[in-house]
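Since the structure comes first, as C-alpha cells, the remarks are kept for the end.
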Amino acid sequence: MGRLVDEIERYLKSLLAESPTGRVEIQRNALALRFRCVPSQINYVLMTRFTLHHGFYVESRRGGGGFLRISRVPLASRPNPAREIFRFIGDVLSEAEALAIVERLEAEGLLSRREAVLVRGALSRGIMKMVPSARDQLRASLLKAMLAALLGWEGLGQKGNGGGNGAL
C-alpha cells in the first residue's frame with residue numbers, strides 16, 4: 001500500500017501546485033477510480049499526509065455530490081508564524097507530528113535540508129528512550145528550543161506562550 005499512498009499524495013500535491021488559489025476540489029470516488037482503490041485508502045492518505053501539521057486543511061462532504069476540498073495553508077500567510085508554530089506544537093508532540101512540522105518548515109524554506117535532517121535526528125523515537133508521555137513532552141520542548149535557535153524565535157517557547165494544539 002505504501003507505493004499507492006505515495007502516488008496519491010504526489011498526484012494531489014501536483015494538483016495543488018498547479019492551482020493558482022492553492023486549493024483543489026475533487027470527488028473522492030473519482031480519485032478512487034483513478035487509482036483503482038477503495039475510498040477508504042483516499043481517506044488514509046488525507047488523514048496521514050494532508051493534516052494541519054503538514055500545512056493543509058481538508059474539507060470533506062460524503063454522499064453522491066460529495067467532494068474533497070484540500071487547501072494549502074502556508075505559514076507566510078499567518079500574521080505571526082513563529083507564535084503559530086509554537087502554539088501548534090503545544091506541550092506534547094508525537095514523533096509523527098514533529099516530523100510533519102519539520103517537513104513543512106523545510107518545504108516552506110524556513111529550514112534548510114541540513115537543519116531539517118539534524119532536527120529530525122534529534123527528535124526520533126530511537127534517541128529518546130523513555131516513557132512515551134515523557135518522551136512526547138521532551139520532544140515538544142526540544143523542537144521549540146531548536147526552532148527558537150535556528151530561526152531566531154527566542155522567547156516564544158517559554159511556558160505560557162504556546163500551550164495547546166491550535167490550528168496553523
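Sequence positions, counted from 1, serve as the residue numbers for this chain. Below, all heavy atoms of this structure are taken into account, side chains as well, without hydrogens, waters or symmetry copies.
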> How long is the span from the CZ atom in Phe50 to the CG atom in Leu12, to the nearest 0.5 Å?
Replying inline: 4.5 Å

> Are any non-hydrogen side-chain atoms of Leu16 and Phe56 less than 4.5 angstrom apart?
Replying inline: yes

> Can you tell me if Ser19 uses its side chain to pair, donor with acceptor, with the backbone of Leu15 under 3.5 Å?
Replying inline: no

> When rounded to the nearest 0.5 angstrom, what is the spacing between OG in Ser94 and CG in Leu99?
Replying inline: 8.0 Å

> What's the shortest heavy-atom distance between Leu123 and Ala98, and which atoms?
Replying inline: CD1-CB, 4.0 Å

> Does the Gln41 side chain pair with the main chain of Val38, one donor and one acceptor, at a distance under 3.5 Å?
Replying inline: yes

>> Show the nearest heavy-atom pair for residues Glu108 and Val73, with the distance to one decimal.
In response: OE2-O, 4.1 Å

> Pick one: which of Leu138, Val119, Ile85 meets side-chain contact (heavy atoms from CB on, under 4.5 Å) with Leu143?
Replying inline: Val119

>> Taking side chain to side chain donor-acceptor pair (under 3.5 Å) as the definition, give me every residue that meets it alongside Ser124, ordered by chain and number, with sequence neighbours left out.
In response: none

> Does some side-chain heavy atom of Phe67 sit less than 4.5 Å from a side-chain heavy atom of Ile26?
Replying inline: no

>> Using side-chain heavy atoms (C-beta onward) and a distance below 4.5 Å, is Ile42 in contact with Leu68?
In response: yes

>> Apply side chain to side chain contact (heavy atoms under 4.5 Å, CB included) to residues Glu97 and Asp136 and explain how you reach the verdict.
In response: CA-CA 10 Å; Glu97 292 168 334; Asp136 290 351; over 6 Å; no

>> Once salt bridge (charged side-chain N to carboxylate O under 4.0 Å, His left out) is applied, do any residues pair with Arg69, and if so which ones, sequence neighbours excluded?
In response: Glu25, Glu59

> Would you say Ser14's side chain and Tyr11's backbone share a donor-acceptor pair under 3.5 angstrom?
Replying inline: yes

> Between CZ of Arg72 and CZ of Arg104, what distance do you get to the nearest 0.5 Å?
Replying inline: 8.5 Å

> For Gly90, does its backbone N or O pair with a side-chain atom of Lys144 as donor and acceptor, under 3.5 Å?
Replying inline: yes

> With sequence neighbours left out, which residue pairs that include part of residues 96-146 fulfil the ring pair (Phe, Tyr, Trp, His ring centres under 6.0 Å) condition?
Replying inline: none

>> With salt bridge (Lys or Arg N to Asp or Glu O under 4.0 Å) as the rule and sequence neighbours excluded, what pairs involving residues 13-23 come up?
In response: Glu9-Lys13, Lys13-Glu103

>> Rounded to the nearest 0.5 Å, what separates atom CE in Met130 from atom CZ in Arg135?
In response: 8.5 Å

>> Please find the pair of heavy atoms, one from Ile89 and one from Leu147, that lie closest to each other, and give the distance.
In response: CD1-CD1, 4.0 Å

>> Walk me through whether Val92 and Ser133 qualify under side chain to side chain contact (heavy atoms under 4.5 Å, CB included).
In response: CA-CA 8 Å; Val92 294; Ser133 60; over 6 Å; no

>> For the CD1 atom of Ile101 and the CG atom of Leu52, what is their distance to the nearest 0.5 Å?
In response: 10.5 Å

>> Going by the rule salt bridge (charged side-chain N to carboxylate O under 4.0 Å, His left out), which residues pair with Arg114 if we only count those two or more places apart in sequence or in a different chain?
In response: none

> Is there a path from Leu118 to Met146 through hydrophobic residues (I, L, V, M, F, W, Y) whose side chains come within less than 4.5 Å of each other?
Replying inline: no

Less than 3.5 Å apart, which donor and acceptor atoms pair up between the side chains of residues 29-36 and the rest of the protein, not counting sequence neighbours?
none

> Do the side chains of Leu111 and Val117 join up, straight or via other hydrophobic residues, at under 4.5 Å, putting them in one cluster?
Replying inline: no

> How many angstroms lie between OG1 in Thr48 and NE2 in His53, if you round to the nearest 0.5 Å?
Replying inline: 13.5 Å

>> Determine whether a donor-acceptor pair (N or O, by modelled atom type, separation under 3.5 Å) exists between the side chain of Arg139 and the backbone of Leu93.
In response: yes

>> Please determine whether side chain to side chain contact (heavy atoms under 4.5 Å, CB included) holds for the pair Arg49 and Ile8, giving the CA-CA distance in whole Å, both sets of side-chain angles, and the decisive distance to 0.1 Å.
In response: CA-CA 10 Å; Arg49 310 281 177 101; Ile8 295 169; over 6 Å; no

> Does some side-chain heavy atom of Leu150 sit less than 4.5 Å from a side-chain heavy atom of Ser112?
Replying inline: no

